[in-house]
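Okay, so here's the structure we're looking at.
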2 protein chains.
Amino acid sequence: MPGVISYPIEHGNRASAGRTLRPDEMAHIAELPLFVGLAPDLLAIALAEATLLRCQCSEMLFHQGGHPHFLHVVVDGEIGMYGIGCEGEETVVDILKRGDIFITAAALTGRPYLMSAKAVSPARVLLLPAERLRRDLQAVPELAIAIICGLATNFRTMVREVKQLKLKTAAQRLGIYILSLTPRRSGMAVVWLPHSKSLIAARIGIRPETLSRTFCTLRDLGVQVCGAKIIVEDVECLTAFCSQDEEIM
Amino acid sequence: MPGVISYPIEHGNRASAGRTLRPDEMAHIAELPLFVGLAPDLLAIALAEATLLRCQCSEMLFHQGGHPHFLHVVVDGEIGMYGIGCEGEETVVDILKRGDIFITAAALTGRPYLMSAKAVSPARVLLLPAERLRRDLQAVPELAIAIICGLATNFRTMVREVKQLKLKTAAQRLGIYILSLTPRRSGMAVVWLPHSKSLIAARIGIRPETLSRTFCTLRDLGVQVCGAKIIVEDVECLTAFCSQDEEIM
DNA sequence: CACAGGCCTTGACTAACGTCAAGTCGGCGA
DNA sequence: TCGCCGACTTGACGTTAGTCAAGGCCTGTG
């Protein structure tokens, strides 16, 4: 598994993983969806033992199978969640961005990580000690509810993922991915791929070779590819091809 | 979509969905993992407006796209969670049994159902009004934590599902399914399929025809099929074939 | 400038799984 | 008992995506 086990340090398992927070960081963190609406004193409780981890691009945060000690929150940048197969095959289960909480499930239940995490851009990640958090949840109902909402959102993302994998073709999944990059609901759209094509391939569950070919398939539907720039001539046409109902898919 | 849209009543959307609880039912419900450890007075709060829904086999509980009004908890029997594609193709995302909570995510966030629910055996389902529950979560931290644990477990189930779909072949997924039916970790095992083969096929994401053929593939690994009875000659051999690490897969 | 190393693309081939169409088997009601 | 229906199996074939190999293109580096 090249590139995967070559990082010896698992931040998720280090007690001294990050630094304590500076005031400006504190302010930046208070604006995260998880914490907005939380009274300043409750925020202080929640962040009392929190630290901030700075990651370089492609740095591993932790490995599948390891044991969690922190709840992670993405403050900046993007984190890829990888599933690793028995022969070291990697697949990308999700790519998280600012505000997303991850491994809530592992951290709160004490079960081992089901996924590995790797920064796919330079990133900063807030670490909340799991044991402390479990106590805070009892004391701060608002925090518990925020965690529930985060977890609920993550759960729904996974359900969509399962449905897509079972009910859509590769071309449809790619189309859905492209559509997720544009706010436009009709007419023409120009989008830029935010990741390398191999990462996107792993994200939608195909090989890079297949991704190339799948882009060719979409060309007949008015999707032009030029490097990382994608021109969708008719968003509605692509939406129809993907049979995409945003709300429930 | 035969059999799916033919049930006009959506219990999930009816205010008078079930009956209030009898004492014996109350006791049966108090033993659910969601509620054990909850003090009797807190349990009374949580169940104050709860009702019990009795479902016949293959009765629809609600449809994908609908709007949730209740948190559902399986008290008895089994509930299939179905994803429905644009042409009416059905796939089974999960099959829930006693103790499992479902559509927590939809009920608590107020978003539409991502899945349809259908009883796959006669079943009883506890309905907790969503609005009431949201208030209770504030008042009863123990309840919030129980909900978090339930959601976390559900989330991890979905992550496993995604990893399996992306990293395992149909034969491996079937093997993993069979292994999930036996507590044995080595030697010989006899298991009985708890569902029809077409349901199992939808569960692991293949067609019924492919399931038949896949059973033939597993025969070479010492898996004998006789109706619903499955004999696994060597559990470890099958486990190795599936590259199955229970903990993290 | 040459060159190495990624990343992406393309082609030829293969494997896995789906589709369509019979056909079998067992259960159940008239 | 008969006949029907639904669930399952089997065969033939098609489609989709994976595999392997080669080559292009860009970028960073000596």
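Residue numbering restarts at 1 for every chain, and letters A, B, ... go by the order of the sequence lines.
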side-chain N/O [X] vs [N] OP1/OP2, d < 4.0 Å:
X        : N      : result
A/Ser198 : C/dC8  : yes
A/Arg207 : D/dT19 : yes
A/Thr210 : D/dA17 : no

A/Ile84 and B/Lys163: which non-hydrogen atoms are nearest, and at how many Å?
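That closest heavy-atom pairing would be N-CE, 4.4 Å.
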
To the nearest Å, how far apart are [X] [atom1] and [N] [atom2]?
X        : N      : atom1 : atom2 : value
B/Glu209 : C/dA22 : CD    : C1'   : 12 Å
B/Leu167 : D/dA17 : CG    : P     : 17 Å
A/Gln172 : D/dT16 : CD    : P     : 11 Å
A/Ile204 : D/dG18 : CD1   : C1'   : 14 Å
B/Leu218 : C/dA16 : CG    : P     : 13 Å
A/Ile206 : C/dC17 : CD1   : P     : 17 Å
B/Glu87  : C/dT19 : CD    : C1'   : 15 Å
B/Lys168 : C/dA16 : NZ    : P     : 15 Å

What's the closest nucleotide to the B/Ser212 side chain, out of C/dT10, D/dT9, D/dA17?
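Between C/dT10, D/dT9, D/dA17, the one nearest the side chain of B/Ser212 would be D/dT9.
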
Side chain of B/Arg213 only, please: which of D/dC20, D/dG18, C/dC20 is the nearest?
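Shortest atom-to-atom distance from the side chain points to C/dC20.
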
Whether A/Lys197 engages the ring of A/Phe215 as a cation-pi pair (distance to the six-membered ring centre under 6.0 angstrom, angle to the ring normal within 45°) should be assessed.
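Yes - A/Lys197 lies over the ring of A/Phe215, closer than 6.0 Å to its centre and within 45° of its axis.
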
So [X], base contact, sugar-phosphate only, or nothing? Heavy-atom distance under 4.0 Å.
X        : result
B/Gly205 : sugar-phosphate
B/Leu211 : nothing
B/Thr169 : sugar-phosphate

Report, as yes or no, whether the 6.0 Å neighbourhood of atom CZ on A/Arg185 holds more than 12 heavy atoms from other residues, nucleotides or ligands.
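More than 12 within 6.0 Å, yes.
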
Can a salt bridge be assigned to the pair A/Glu161 and A/Arg173 using a cut-off of 4.0 Å between side-chain N and carboxylate O?
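Looking at A/Glu161 and A/Arg173, the cut-off is not met.
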
Are the charged groups of B/Lys166 and A/Glu89 less than 4.0 angstrom apart, N to O?
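Salt bridge between B/Lys166 and A/Glu89, a charged N being under 4.0 Å from a carboxylate O: no.
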
